[in-house]
Amino acid sequence: MNIVDWFVLLGAILGIAAYGAWHTRGIRSPDAYFKGGHRNGWGTIGLSVMATQASAITFLSIPGQGYESGIGFVQNYFGLPLALIIVCAAFLPIYRRLGVYTAYEFLGRRFDTKTRVLGAALFLLQRGLSAGVTIYAPAIILSTVLGWRLDLTVILTGLLVILYTVTGGSEAVSLTQKWQMTVIFGGMVTALVVLLLRLPDGLGFMGAAHVAGAMGKLEAVDVSFDPNRRYTLWSGLFGGLFLSLSYFGTDQSQVQRFIGGASLREGRLGLMFNALLKIPMQFLILLLGALVFVFYQFEKPPVFFNQVAWTRLSGGTNAAAFSAIEQRHVEAHRQVKKEIAAWLAVRQSKEPGTEAAARKAMVDAHNRVDAVRTEAKAALLAADPRTKTKDSDYVFITFILAQLPHGAIGLLIAVMISAALSSKASELNALATTTTIDLWRRFRPLAEMDERRNVRAAKWFTAFWGLLAIAFALFASMAENLIEAVNILGSIFYGVVLGIFLVAFFLKRIRGTAVFWGALAAQLLVFVLYFTLSIGYLWYNLIGCGACVLLSFLLQSMRDTAGLAEKTRVAP
């Protein structure tokens, strides 16, 4: 990065943060701090909802997912449009009619205090952990690739988002997210244009798409019924439906975005904005990753994309072995480039008999490249068993730093940090609101009468959760692909929380005690199944929700039967 990149980066990040802090500096009322004063139009709501979900992990990890595994991850979102329609029809009208600050207030009114606290606690546990992941994930990669100190990267980005979130609450989050999404869209379009221009002459988008398809990177839909497959049409439609329904309908970080709309209509339009654009957006980001894969079939990629780790471990006594691996990688890449050119030539000749053989030769050559990469990862582990050998999260940022012009590099790094800030701000705002409304105000009756005191408490809780997330980020370590890690964490908790809300909405006979114990038992069941089975994680959303509803129904039936028997016994 040069001075132009730093100017673009700092100008975008600090400018947006200063804008949010300045425009919301005078907010004192709880309605404005927690809900944005019901002034947000559908466009602001739509972009804020999208920005809350689209963290830096999205723009670091999803292109790497497309590079490594193709665009099949898009199936994760197939249930999302239907989920948002259900939220618009059933959830949003009730939240607005009751005038709640949090989704868990509704549980208290429908059931009792212990069920409200349970719903809030499950949210705080899941989202509190995710807040640390949200800031840790991009910091690890940015500090590694750019040479920044990890602890300083975590602390500085964390303190920056705490500053403007504490200052302006929900309205500051929504205002800044609108501009952060503008930076994000601009940066991703820039990356796509540069990528297409960097492809070999005569290949173009369609040629690149044909290569990606022949290499198995464009298989968007898997109709297999195998529950062990992580991404299929069915896991996306059903597991993804329950994940999205719980996330958008019961997660305070999202609920807080759309209950602050100027009207019910504005909130619904903001959600429908996401229902229409979310899948295309994720598809394009995955496609960008698949095109980066094609680019690196012609331009030699690193043998291991985390070049800092490779450089650190490839010297000294290991130098000869690592040098031999690099040489084999160069030869394997040269061969795959040759076979791709041969396949493209045969394909243009339209000779079906020879095209299949040329394609097989191309795929076999690529498999040899993968074999060398596997060998490289084994060498890294042998040199240092603590090394993380999953390098897909480093693919896109490696492409950015090596291939984009100066200025565009700063813009794309600003995209990563903007996404981290926007998602982080939503999480902190939601955590503080839930802590204040569902715990602090609930157990301090006098606080309910002093709204200004509630706002001050929320600011302190925002800072508390922010500092806790920074602390978690400083000491955490990740094992999986980052986007998968966040979805796994959500899937473990979201199903049970959704089950509580579905009982509240649709099963009026069930009372608080039954759903409280049913939810605890269902959550325990999900934990046990997660650590004993190997099914795709999206199914845990369906399992947790179904178990919560079923167990609540059975417990209520048992209580009703016991109550009826008691009445019969004491009747004269």
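- Residues F305 and I397 have side chains not in contact (no heavy-atom distance under 4.5 Å, counting atoms from C-beta outward).
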Which atom pairs, one a donor and one an acceptor, fall under 3.5 Å between side chains of residues 291-298 and the rest of the protein, sequence neighbours left out?
{"residue": "Q297", "atom": "NE2", "partner": "F293", "partner atom": "O", "Å": "2.9"}

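- Heavy atoms from other residues, nucleotides or ligands lying under 6.0 Å from NZ of K338 number 12 at most.
- For the pair K337/K300, no side-chain contact is recorded, criterion being any heavy-atom separation below 4.5 Å from C-beta on.
- Taking CG from L82 and CD1 from I85, the interatomic distance works out to 6.0 Å, rounded to the nearest 0.5 Å.
- In this structure, CD1 on I71 lies 12.0 Å from CD on Q65, to the nearest 0.5 angstrom.
- Donor-acceptor pairing under 3.5 Å is lacking for the side chains of E331 and Q335.
- In terms of modelled atom types and a separation under 3.5 Å, the side chain of N274 and the main chain of G270 share a donor-acceptor contact.
- In this pair, F73 and Y231 present their aromatic rings perpendicular. The plane angle is above 60°, beyond the 30 to 60° band.
- Between the Y540 side chain and the L529 main chain, a donor and an acceptor come within less than 3.5 Å of each other.
- The number of heavy atoms from other shown groups lying within 6.0 Å of NZ (K377) is above 12.
- Other residues, nucleotides and ligands contribute only 12 or fewer heavy atoms inside 6.0 Å of the CZ atom of F7.
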Q. Could you go step by step and tell me if D391 and T398 meet the side chain to side chain contact (heavy atoms under 4.5 Å, CB included) rule?
A. CA-CA 11 Å; D391 64 340; T398 298; over 6 Å; no
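- Between the S323 side chain and the A319 main chain, no donor and acceptor come within less than 3.5 Å of each other.
- The CG atom of L344 sits 7.5 Å away from the CE atom of M362 when rounded to the nearest 0.5 Å.
- Note that CG of D222 and CD of Q75 are 6.0 Å apart. Values are rounded to the nearest 0.5 Å.
- The main-chain N or O of S224 is never found under 3.5 Å from a side-chain atom of R229 such that the two would form a donor-acceptor pair.
- Considering T190, L195, L197, L196 as possible partners of V193, the one that fulfils the side chain to side chain contact (heavy atoms under 4.5 Å, CB included) test is L197.
- Salt bridge annotation for E375-R328: present, with a cationic side-chain nitrogen under 4.0 angstrom from a carboxylate oxygen.
- Within the 3.5 Å criterion, the main-chain N or O of D370 finds a donor-acceptor partner in the side chain of T374.
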Q: Check step by step if ring-ring contact (aromatic ring centres under 6.0 Å, His included) holds for F78 and F238.
A: CA-CA 9 Å; F78 282 0; F238 296 105; over 10 Å; no
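- Taking a cutoff of 4.0 Å between a charged side-chain nitrogen and a carboxylate oxygen, R368 and D364 do not qualify as a salt bridge.
- Distance CH2/W234 to CG/D226: 14.0 Å, rounded to 0.5 Å.
- How far OG of S491 is from CZ of F242: 12.5 Å, rounded to the nearest 0.5 Å.
- Of the possible donor and acceptor atoms, one in the side chain of K217 sits under 3.5 Å from a partner among the backbone N and O of Y67.
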Q: Check step by step if side chain to side chain contact (heavy atoms under 4.5 Å, CB included) holds for R127 and D251.
A: CA-CA 8 Å; R127 186 52 61 186; D251 189 303; 2.8 Å; yes
